[in-house]
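Just so it is clear, the model here is predicted, and its values are computed rather than measured.
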Amino acid sequence: FVATLRNRKTRSLSLGEREQLAEIALTKPKIDLEIQFDYNSAEIRTSSMASVQALGEALSNPSLKGSTFVVAGHTDAIGSEAFNQDLSERRADTIKRYLTEKYGIAGTDLVTVGYGKTKPKDPNAPMDPINRRVQVVNMDTKTASK
């Protein structure tokens with residue numbers, strides 16, 4: 001399933017595809033870096049730049065070449081479903097673009113998905129800024145332990 005998403009021309013996944021991807025990702029190693037975003041923004045916060053750069057360096061490791069990583073964007077619960085869905089997709093796209101442009105990581109190795117406000121980091125505080133984030137998951141078991 002994940003392989004079918006690697007070369008997709010459209011950035012938007014259906015609800016069913018997002019849920020299927022989330023289900024698979026639950027069993028995979030996660031890189032839950034503090035890549036935070038301001039309210040209503042898809043621009044990387046200056047305070048998060050070091051985390052994004054560390055991610056770029058890690059994903060540039062030759063042993064990970066060809067691995068598939070899901071770049072999942074999230075929002076807080078403020079705003080409509082449609083707005084937050086679009087914003088979360090733009091956040092994931094921002095990280096993908098940064099990694100491909102600054103670190104030469106193949107765009108086909110990075111599958112972006114937006115979850116909007118459906119998967120908050122802190123479900124008890126859905127409006128909290130901590131929920132405005134990007135999470136990266138290594139989908140390949142062959143390289144997951146490296």
Side-chain angles (χ1 to χ4, degrees), residues 1-61 64 67-141 143-145:
F1 170 73
V2 174
T4 67
L5 303 177
R6 286 180 60 113
N7 296 307
R8 188 164 286 190
K9 299 294 182 233
T10 177
R11 81 172 183 195
S12 193
L13 303 179
S14 71
L15 177 60
E17 289 168 329
R18 289 194 306 268
E19 290 305 315
Q20 188 174 355
L21 195 55
E23 191 75 22
I24 294 167
L26 286 175
T27 65
K28 305 293 181 181
K30 291 167 193 55
I31 303 168
D32 196 8
L33 300 173
E34 291 301 314
I35 302 174
Q36 298 287 305
F37 297 85
D38 288 326
Y39 177 73
N40 195 17
S41 174
E43 297 301 314
I44 304 165
R45 270 190 184 169
T46 303
S47 61
S48 292
M49 197 52 74
S51 293
V52 179
Q53 291 167 342
L55 175 63
E57 289 177 24
L59 297 185
S60 297
N61 185 313
L64 296 177
S67 296
T68 302
F69 292 89
V70 169
V71 180
H74 302 271
T75 67
D76 59 29
I78 301 167
S80 71
E81 294 284 337
F83 179 84
N84 281 322
Q85 181 60 40
D86 180 68
L87 180 57
S88 66
E89 290 173 6
R90 288 188 289 130
R91 287 176 174 168
D93 287 344
T94 295
I95 300 301
K96 178 178 181 173
R97 188 170 44 257
Y98 187 89
L99 294 173
T100 57
E101 291 174 3
K102 304 285 187 198
Y103 291 90
I105 297 167
T108 54
D109 292 350
L110 303 171
V111 175
T112 59
V113 61
Y115 289 108
K117 57 185 175 181
T118 64
K119 300 186 183 315
K121 183 171 185 168
D122 185 351
N124 295 319
M127 309 289 204
D128 195 296
I130 197 165
N131 296 309
R132 301 178 207 139
R133 72 200 193 284
V134 166
Q135 183 180 46
V136 179
V137 181
N138 182 342
M139 300 301 282
D140 292 334
T141 53
T143 59
S145 61

Undergrad: List in chain and number order the residues that pass side chain to side chain contact (heavy atoms under 4.5 Å, CB included) with Gln53, two or more places apart in sequence or in another chain; answer none if no residue qualifies.
TA: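 Expected list: Met49, Tyr98, Tyr103.
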Undergrad: Give the minimum heavy-atom separation between Asp76 and Arg132, together with the two atoms involved.
TA: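 Answer, listing the atom of Asp76 first, then Arg132: OD2-NE, 2.7 Å.
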Undergrad: Who passes salt bridge (Lys or Arg N to Asp or Glu O under 4.0 Å) against Arg45, sequence neighbours left out?
TA: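 Scan of Arg45 (salt bridge (Lys or Arg N to Asp or Glu O under 4.0 Å), adjacent residues dropped) gives Asp38.
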Undergrad: Could you walk me through whether His74 and Asn131 pass the side chain to side chain contact (heavy atoms under 4.5 Å, CB included) test, one step at a time?
TA: CA-CA 7 Å; His74 302 271; Asn131 296 309; 5.9 Å; no
Undergrad: With a 4.5 Å cut-off on side-chain heavy atoms, are Ile105 and Ser60 touching?
TA: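 Yes - at least one pair of side-chain heavy atoms lies under 4.5 Å apart.
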Undergrad: Do Arg133 and Lys121 make a side-chain contact, defined as non-hydrogen atoms from C-beta onward lying under 4.5 Å apart?
TA: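 In contact.
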Undergrad: Which atom pair, heavy atoms only, marks the closest approach of Ile35 to Ser51?
TA: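 Heavy atoms of Ile35 and Ser51 come nearest at CG1-CB, 4.1 Å.
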Undergrad: State the CD1-OG distance between Ile95 and Ser48, to the nearest 0.5 angstrom.
TA: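 It is 8.0 Å, given to the nearest 0.5 Å.
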Undergrad: Distance from Ser80 atom OG to Lys117 atom NZ, nearest 0.5 Å?
TA: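 With rounding to 0.5 Å, OG (Ser80) is 6.5 Å from NZ (Lys117).
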Undergrad: Has Gln85 got a side-chain atom pairing as donor or acceptor with Gly114's backbone, closer than 3.5 angstrom?
TA: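 A pair under 3.5 Å: yes.
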Undergrad: Please tabulate, one pair per line, all N/O donor-acceptor pairs under 3.5 Å involving side-chain atoms of residues 122-129, not counting sequence neighbours.
TA:
residue : atom : partner : partner atom : Å
Asp122  : OD1  : Asn124  : N            : 3.0
Asp122  : OD1  : Ala125  : N            : 3.4
Asp128  : OD1  : Ile130  : N            : 2.8

Undergrad: Show your working on side chain to side chain contact (heavy atoms under 4.5 Å, CB included) between Leu110 and Leu59 and close with a plain yes or no.
TA: CA-CA 10 Å; Leu110 303 171; Leu59 297 185; 4.3 Å; yes
Undergrad: Looking at residues at least two apart in the chain, or sitting in another chain, which of them share a salt bridge (Lys or Arg N to Asp or Glu O under 4.0 Å) with Lys119?
TA: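 Partners of Lys119 by the salt bridge (Lys or Arg N to Asp or Glu O under 4.0 Å) criterion, ordered by chain and then number, come out as Glu19.
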Undergrad: Tell me, do Leu87 and Phe37 make a side-chain contact under 4.5 Å, heavy atoms counted?
TA: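 SC-SC contact between Leu87 and Phe37 ruled out.
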Undergrad: Can you see which heavy atom on Gly73 is nearest to which on Ala92, and at what distance?
TA: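 Reported closest heavy-atom pair: N-CB, 3.8 Å.
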Undergrad: Which pair of non-hydrogen atoms, one from Thr100 and one from Ala106, has the smallest distance, and what is that distance?
TA: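 Result for this residue pair: CG2-C, 4.2 Å.
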Undergrad: Is there a donor-acceptor contact under 3.5 Å from the side chain of Thr112 to the main chain of Asp93?
TA: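 Such a contact is absent between Thr112 side chain and Asp93 backbone.
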Undergrad: Under the side-chain hydrogen bond (donor to acceptor under 3.5 Å, both in side chains) rule, collect the residues that match up with Arg91, sequence neighbours excluded.
TA: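 For Arg91 there are no side-chain hydrogen bond (donor to acceptor under 3.5 Å, both in side chains) partners, ignoring immediate neighbours.
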Undergrad: Using the side chain to side chain contact (heavy atoms under 4.5 Å, CB included) criterion, which residues pair with Ala50? Sequence neighbours excluded.
TA: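 Residues passing side chain to side chain contact (heavy atoms under 4.5 Å, CB included) with Ala50: none at all.
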Undergrad: Verify, without hydrogens or angle tests, whether Ser88 (side chain) and Thr75 (backbone) share a donor-acceptor contact under 3.5 angstrom.
TA: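 It does not hold such a pair.
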Undergrad: Is there a side-chain contact between Thr94 and Val134, using heavy atoms and a 4.5 Å cut-off?
TA: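 Not in contact.
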